[in-house]
Amino acid sequence: MSPGVRYERRGAVGVITVDNPPVNALSRAVRQGLIDGLMQGLGDEAAKALVVIGAGRTFIAGADIKEFGKPLEPPDLNRVIAGLESAAKPTIAAIHGTALGGGLEVALGCHYRIALASAQVGLPEVKLGILPGAGGTQRLPRLIGAKAALDMITTGDFVRAPKAKELGIVDAIVEGDLLEGALRFAEEAVRSGTSGRRLRERDEKLAELRGNPAFFAEYRAAIKKRARGQESPLRSVDAVEAAVNLPFEQGLKREREIFEELITSTQSRALIHAFFAEREAMNIPDIPAETPVRAVKRAAVIGAGTMGGGIAMNFANAGIPVAVVETAPEALERGLGVVRNNYAATVAKGRLDQAAMDKRMGLITGTLDLAAAVKDADIVVEAVFEEMAIKKELFARLDKLAKRGAVLATNTSSLDVNVIAAQTARPQDVIGTHFFSPANVMRLVEVVRGAKTGKDVVATAMRLGKSLGKVPALVGVCDGFVGNRMLFQYAREAEFLLEEGALPWQIDKALQDWGLAMGPFAMSDMAGNDVSWRIRKQHAATRPNDRRYSHLADQICEMGRYGQKASAGWYRYEKGSRTPLPDPEIERLILAESKRLGLERKPIADDEIVKRTIYALVNEGAKLLEEGIALRPSDIDVIYLAGYGFPAWRGGPMFYADTVGLDKVDADVRRFHETHGYFWRPAPLLERLARDGKRFADLNPGKG
Ligand code: 3HC
């Protein structure tokens with residue numbers, strides 16, 4: 001038998017075990033092994049029913065994504081599934097961990113499905129830019145109805161076993177040992193037989209929406225809003241509509257055609273790149289995976305502001321007790337109140353139960369006593385006001401108060417971690433953990449490695465980030481690190497575009513239409529325009545005055561237009577509303593500024609807006625790579641995808657540049673350099689790659 005699958009008999013039941021660590025992906029060998037196992041089981045007269053089960057931590061997590069991009073080798077997964085479905089003996093999928101994608105499709109081929117209560121099922125293919133390609137779009141609607149199937153397939157969301165039971169995906173929930181439960185269940189299945197259990201033969205659940213194109217048209221319209229720009233959810237609707245209106249075999253053929261179109265699409269390549277990039281970000285070249293990490297059982301967060309509160313929630317959510325330290329009782333009360341309200345809102349939305357909220361709140365203790373809070377902490381995260389003098393003083397104190405071996409982390413978004421570390425006699429323990437606001441929601445953490453940060457401290461911060469449910473990416477020390485240093489170039493270009501002829505709402509719309517969650521001006525209004533204004537004012541004295549500088553952002557702050565919180569920023573807002581509305585006052589301001597600068601305003605095409613802003617990210621990203629601040633292009637992509645609302649189906653700024661072609665990007669950057677000057681000096685790395693006909697992906701280890 002092929003490695004990765006084994007067959008054995010337990011009493012009157014044949015057990016086919018998939019054992020292909022880490023996640024039992026359906027590699028070619030596993031597909032062949034399943035066919036062999038099935039043949040053996042069918043030929044084994046003593047076996048009256050067959051159980052398919054996964055070894056290790058999970059059932060089957062889907063097709064082997066590493067095989068994508070190469071011609072798919074036989075046997076086809078559809079053949080495996082058809083074999084399980086047409087078997088004369090009852091076949092039972094016994095699910096623990098996750099049954100995802102092709103894994104759930106294998107389970108849908110079986111006559112029965114049982115699961116541990118902790119298991120989850122899902123068809124997450126849309127998240128990889130494809131659709132279920134082994135009958136999932138045809139069998140799931142037959143099992144649970146087209147509407148419920150569409151909801152699962154077009155979102156890719158996982159469904160927990162109890163809910164899967166309610167929906168009818170799972171026939172029974174097993175308590176205790178899964179295999180024992182499966183063997184018991186198999187006895188019943190032998191009595192009930194296979195009749196009526198082959199999904200391909202059933203279509204009673206499809207009748208409701210048959211010949212109802214209006215339903216599908218509405219569903220597509222909703223997706224166009226929800227998953228702007230993404231092809232795979234829309235194409236999934238086509239496949240489910242085929243399931244409803246066509247005979248099974250024809251529907252399956254339609255699914256296959258769409259699958260084959262999508263699997264070679266740029267969107268799919270981008271999403272698969274994003275999947276591997278996130279995992280690759282955990283590998284640090286000079287820090288082996290087996291580097292021992294420090295145990296983090298207790299944390300302290302200094303500062304109960306928006307960042308501090310959000311960071312504390314991350315610890316509590318992961319079950320780690322955390323002390324939150326403030327200097328004044330009112331500030332502490334206010335901070336903890338915000339945390340409580342955040343949890344309460346999640347409870348109100350039904351995404352958390354009250355008992356879980358109470359448990360999490362119980363793990364957060366507020367205090368004014370810094371010494372007591374940090375004494376036993378394994379990690380201290382500083383989230384105080386972004387001012388070097390304050391941070392320096394605090395770290396000097398932490399050096400005296402924290403226990404030996406504690407990780408001392410700063411949440412600074414731009415200050416020099418090495419200067420902060422130098423305030424202590426233990427710079428090896430100091431690191432940056434740059435969370436993104438709101439810290440309890442945003443997935444990105446930039447882990448900032450100082451010149452003297454210990455390797456075990458880097459490994460600890462990376463591992464901790466992952467266990468807090470975040471996406472950690474390692475960066476080096478520089479002004480703004482990776483994400484914000486790139487964003488600075490992007491925002492600057494957006495402001496220059498205003499002076500040259502565009503308006504905020506045109507720029508935001510062009511970038512949103514391109515796929516960003518939000519354009520730069522709506523984003524700045526949301527974050528608070530005063531934040532970067534204060535930073536700019538600190539740097540005003542050192543700003544070279546021979547370079548172009550847009551005063552517009554300063555002007556709107558001088559007018560008190562701090563953004564949403566002031567009901568006025570780059571946009572105006574109705575009281576209590578977050579909807580940005582174009583404001584004639586801003587238009588007048590911009591027109592007057594262009595005039596003052598002697599610039600003749602010209603219409604700027606959306607395409608040019610996208611190039612000016614996105615290529616500003618790319619060019620700066622290339623400089624960060626040359627300087628070694630970012631380890632690899634894929635890390636930059638991870639940072640933009642997890643922290644800045646960059647559309648995953650574009651793969652991140654560096655991947656996107658590759659899809660355009662670096663020769664074209666380089667030509668535009670040179671053109672901008674000639675027209676707009678200094679800031680657009682092309683990154684030598686970009687020039688070199690373009691000249692050599694290479695891609696940023698060529699710098700990524702392994703997977704591209
Ligand atoms: N193929 C190949 N490798 C996979 C894989 C897959 N489907 N799923 C996970 N892996 C690898 C990861 O790359 C990682 O490798 P690494 O250790 O070398 O970095 C390792 O398995 C562990 O994965 P995670 O770090 O993600 O582990 P978690 O425990 O956090 O998550 C998981 C496990 C929920 C299974 C998550 O990995 C996941 O969501 N995987 C993708 C599932 C998926 O998308 N399945 C559908 C595939 S497409 C398909 O089935 C097409 C079909 O319709 C024909």
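Numbering of ligands and ligand atoms starts at 1, following listing order. Predicted model, so just to flag it, every value in this text is computed and none were measured.
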Practice item. Name the option, out of A61, A134, A289, that contains the heavy atom nearest to atom 35 (C) of ligand 1. Key: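 The option holding the nearest heavy atom is A61.
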Check your understanding: Taking atom 37 (O) of ligand 1 as the point of reference, which of F68, F59, F158, F275 owns the nearest heavy atom?
Key ->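 Going through F68, F59, F158, F275 one by one, F275 has the nearest heavy atom to atom 37 (O) of ligand 1.
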At under 4.0 Å between heavy atoms, which part of [X] makes contact with ligand 1: side chain, backbone, both or neither?
X	value
P124	side chain
L26	neither
A63	both
V23	side chain

Check your understanding: Taking the six-membered ring of F216 as reference, does the NZ or CZ atom of R220 fall below 6.0 Å from its centre and within a 45° cone about the axis?
Key -> no
For [X], take its heavy atoms, then give the atoms of ligand 1 lying under 4.0 Å from any of them.
X	answer
P132	53 (O)
A25	1 (N)
D64	1 (N), 2 (C)
P22	20 (C), 21 (O)
G101	46 (C), 50 (O)
F276	13 (O)
K66	3 (N)
L128	44 (O), 47 (C), 48 (S)

**Study point:** Parallel, tilted or perpendicular, as decided by the 30° and 60° cut-offs, for the rings of H273 and F655
**Key:** parallel
Exercise for review: Look at the rings of F436 and H434 and say which category their plane angle falls in: under 30° parallel, 30 to 60° tilted, over 60° perpendicular.
Suggested key: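 Judged by the thresholds at 30° and 60°, the geometry between F436 and H434 is tilted.
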Review point. Can you find a non-hydrogen atom of R57 under 4.0 Å from ligand 1?
Key: yes
Close N or O approach ([X], ligand 1; < 3.5 Å):
X	result
G102	yes
I65	yes
E105	yes

Salt-bridge present ([X], [Y]; N to O < 4.0 Å):
X	Y	result
E249	K253	no
R197	D171	yes
K163	D157	no

Quick check: does any side chain N or O of [X] sit under 3.5 Å from a backbone N or O of [Y], one acting as donor and the other as acceptor?
X	Y	value
R31	E73	yes
D19	R6	no
H96	T58	yes

Review point. Hey, are the side chains of F248 and R139 touching, using non-hydrogen atoms and a 4.5 Å cut-off?
Key: yes
Point to revise | Step-by-step side chain to side chain donor-acceptor pair (under 3.5 Å) determination, E280 to S634 | key: CA-CA 8 Å; E280 177 65 23; S634 62; over 6 Å; no
